[in-house]
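Take a look at the structure set out below.
Note that the numbering runs from 1 along the sequence shown for the chain. Computed from a predicted model, the values in this text were never measured in an experiment.
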Amino acid sequence: MPFFKDLNLSAATAGFVAVLVGFTSSVAIVFQAAQAFGATPAQITSWMWALGLGMGLCSAIPSLVLKQPVMVAWSTPGAAVLATAGLAGGFSMAEAIGAFMVCGALITLAGATGWFERVMSKIPMAIAAALLAGVLARFGLQAFAAAQTALVLVALMLLAYLLGRRLAPRYAVVITLLVSVAYVVLRGQFNAGALTLELARPVFTLPVFTLAALTSLALPLFVVTMASQNLPGVAAIRAAGYDMPISRIITLTGVATLVLAPFGAFALNLSAITAAICMGPEAHSDPKKRYTAAVTCGAIYVLIGLFGAAVTGLLIAFPRELVLAIAGIALLGSIGGGLHTALKDDTHREAALITFLVTLSGVVIAGIGSAFWGVVAGAVALFVQQYGLRQKSKP
């Protein structure tokens, strides 16, 4: 099978790191969202089943078909919106499920009509690269900020990475991960008590559709998913140099959300952070074989869905500082590449820099994250600059 011929250790590690980073960095928010609607432990496990299968299958299958790294994740800002709105509005689980289905239908419509891809095609590459760099740079900052509480671990990981880059560049992240895990285990910081062996069971919830849930849950969930997740997700794809059928992939995530929503899949979308891990040179020296990292990531997500608490326990058993540090270190190449692409053209440099800084700021306006506002700010800056040049060139 070509997949196994193309797969190597660095690609498999990239897939695992992507899951480790994507899952552990936001699973607590998903739990909070579920609890905001009064979810039982069985329903929370069902959410993990639905989200794991949705992310895994929507990543692995298209990656195998297209031979390109398609990365799908749950909507982390969407989960944050749900956690806040759920507590404030007092919505039932049935109403929430109805809102998830409406959101899935809207995502499907956005993909099937192709309007989102058309909008993205109008954004200059420099702005898209700056957007991606701004999204990823926050993880780079968190990696080194983790040194405040785990100085030795972070310093050891950085040293392992630098030595790995010098001695075995392709396996630098692999070496860093192995060194950090060994250190954590030897120090007794691996929480083995979080490990349990249990299969997940899906729990079906009959949806209820209400106007209040539509306006307070479904529409905000759709907006933040498209603006804060799919937007930087497309930027990651473009920055990595891949030509994917964006509209069809977004349609797939919408359909998957619609089908799995009754079991707890609130919103599936393109990934940016974990995509950068699997699309970067650290995943594989050959861009045509990096799809194996995405397939590996998808397979692990499916295992998370099937085994629920068992795999969840394994991933959350690692110290938070290790997760933050490995994320930032694994993304160093993507951050540098994004900044290089964003700033190399003089005509777009200032607008790209504004996009980068606004995105990096993490500002949230009207419930919409900084990724969207970074693009808006950069587009406005570019328009003003180009309009001025056009006016000066007129006789």
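- Counting only distance, with no hydrogens or angles, the side chain of Y242 and the backbone of P287 share a donor-acceptor pair below 3.5 Å.
- Looking at heavy atoms from C-beta onward, T257 lies out of side-chain contact with N269 at the 4.5 angstrom threshold.
- Within the 4.5 Å cutoff, the side chain of M157 has no heavy atoms near those of the Y183 side chain.
- Interatomic distance, M71 CE to I249 CD1, rounded to the nearest 0.5 Å: 12.0 Å.
- Cluster membership for L332 and L20, using ILVMFWY side-chain heavy atoms within less than 4.5 angstrom, is shared.
- Of the possible polar contacts, none joining the T355 side chain to the L131 backbone as a donor-acceptor pair under 3.5 Å is found.
- Of all heavy-atom pairs spanning C278 and A14, the tightest one is SG-O, 3.9 Å.
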(message) For I277 and V173: C-alpha separation, side-chain torsions, deciding distance, then whether side chain to side chain contact (heavy atoms under 4.5 Å, CB included) applies.
(response) CA-CA 10 Å; I277 294 173; V173 175; over 6 Å; no
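- Aromatic ring pairs are classed by plane angle as parallel below 30°, tilted from 30° to 60° and perpendicular above 60°; the pair F100 and W47 is perpendicular.
- Clustering ILVMFWY residues whenever any of their side-chain heavy atoms sit less than 4.5 angstrom apart, transitively, puts L109 in a cluster other than the one holding L221.
- Of all heavy-atom pairs spanning S75 and Q229, the tightest one is OG-CG, 3.8 Å.
- In this structure, Q68 contributes its side chain and D243 its backbone to a donor-acceptor pair below 3.5 Å.
- Q43 contributes a side-chain N or O that, together with a main-chain N or O of T40, makes up a donor-acceptor pair within less than 3.5 Å.
- Put simply, the side chain of I123 reaches to within 4.5 Å of the side chain of L231, judged on heavy atoms.
- Looking at I107 and F222, their side chains come closer than 4.5 Å, going by heavy atoms from C-beta outward.
- By the rule that hydrophobic residues join a cluster once side-chain heavy atoms approach within less than 4.5 Å of another member, M244 and V72 end up as members of one cluster.
- Judged by distance alone, with hydrogens and angles left aside, the side-chain atoms of S46 form a donor-acceptor pair with the main-chain N or O of F263 at under 3.5 Å.
- Side-chain heavy atoms closer than 4.5 Å link hydrophobic residues (I, L, V, M, F, W, Y) into clusters, and following such links, possibly through other members, connects V19 to F16.
- L258 and L268 fall within a single hydrophobic cluster, where Ile, Leu, Val, Met, Phe, Trp and Tyr side chains are chained together by heavy-atom contacts under 4.5 Å.
- The two residues T347 and L382 make their nearest non-hydrogen contact at O-CD1, 4.1 Å.
- Atom CD of E350 is surrounded by 12 or fewer heavy atoms from other residues, nucleotides or ligands within 6.0 Å.
- Within the model, atoms CE of M279 and CZ of R238 stand 13.0 Å from one another, a figure rounded to the nearest 0.5 Å.
- Between the CZ atom in F372 and the CD1 atom in I365 there is a gap of 10.0 Å [rounded to 0.5 Å].
- For G164 against A172, the heavy-atom pair with the smallest separation is C-CB, 3.8 Å.
- A donor-acceptor pair is defined here as one N or O able to donate and one able to accept, closer than 3.5 Å; no such pair exists between the side chain of T45 and the backbone of A200.
- Two residues are said to be in side-chain contact when any heavy atoms from C-beta on lie closer than 4.5 Å; H348 and Q386 meet this criterion.
- For the atom pair I300 CD1 and S59 OG, the distance stands at 11.0 Å (nearest 0.5 Å).
- No side-chain heavy atom of Y161 sits under 4.5 Å from any side-chain heavy atom of V179.
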(message) I'd like to know whether R248 forms a side chain to side chain contact (heavy atoms under 4.5 Å, CB included) with E117, so could you lay out the CA-CA distance, the side-chain angles of the two residues, the decisive distance to 0.1 Å, and finally the verdict.
(response) CA-CA 10 Å; R248 282 191 286 169; E117 185 173 4; over 6 Å; no
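- Between the CG atom of L178 and the CD1 atom of I175 there is a distance of 8.0 Å, given to the nearest 0.5 Å.
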(request) Take R187 and V152, measure what side chain to side chain contact (heavy atoms under 4.5 Å, CB included) needs, and give me the verdict at the end. (result) CA-CA 11 Å; R187 294 274 297 177; V152 176; over 6 Å; no
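- More than 12 heavy atoms of other residues, nucleotides or ligands lie within 6.0 Å of CZ in R349, so this atom counts as buried by the packing criterion.
- In this structure, S63 contributes its side chain and V70 its backbone to a donor-acceptor pair below 3.5 Å.
- Closest approach of V358 and A377 over heavy atoms only: CG2-CB, 3.9 Å.
- Using a 4.5 Å heavy-atom cutoff, the side chains of C297 and T274 are not in contact.
- Minimum heavy-atom separation, A39 to M93: CB-CE, 3.4 Å.
- Note that CZ of F91 and OG1 of T210 are 6.0 Å apart. Values are rounded to the nearest 0.5 Å.
- Side chain of S10 to backbone of A283: a donor-acceptor contact under 3.5 angstrom is found.
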(request) Before giving the answer on side chain to side chain contact (heavy atoms under 4.5 Å, CB included), spell out for V203 and W49 the whole-Å C-alpha distance, their side-chain angles and the decisive distance to 0.1 Å. (result) CA-CA 9 Å; V203 177; W49 177 87; over 6 Å; no
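- I97 is not listed as a side-chain neighbour of V208, based on a closest heavy-atom distance of 4.5 Å or more.
- A side-chain donor-acceptor contact under 3.5 Å links R118 to the backbone of T113.
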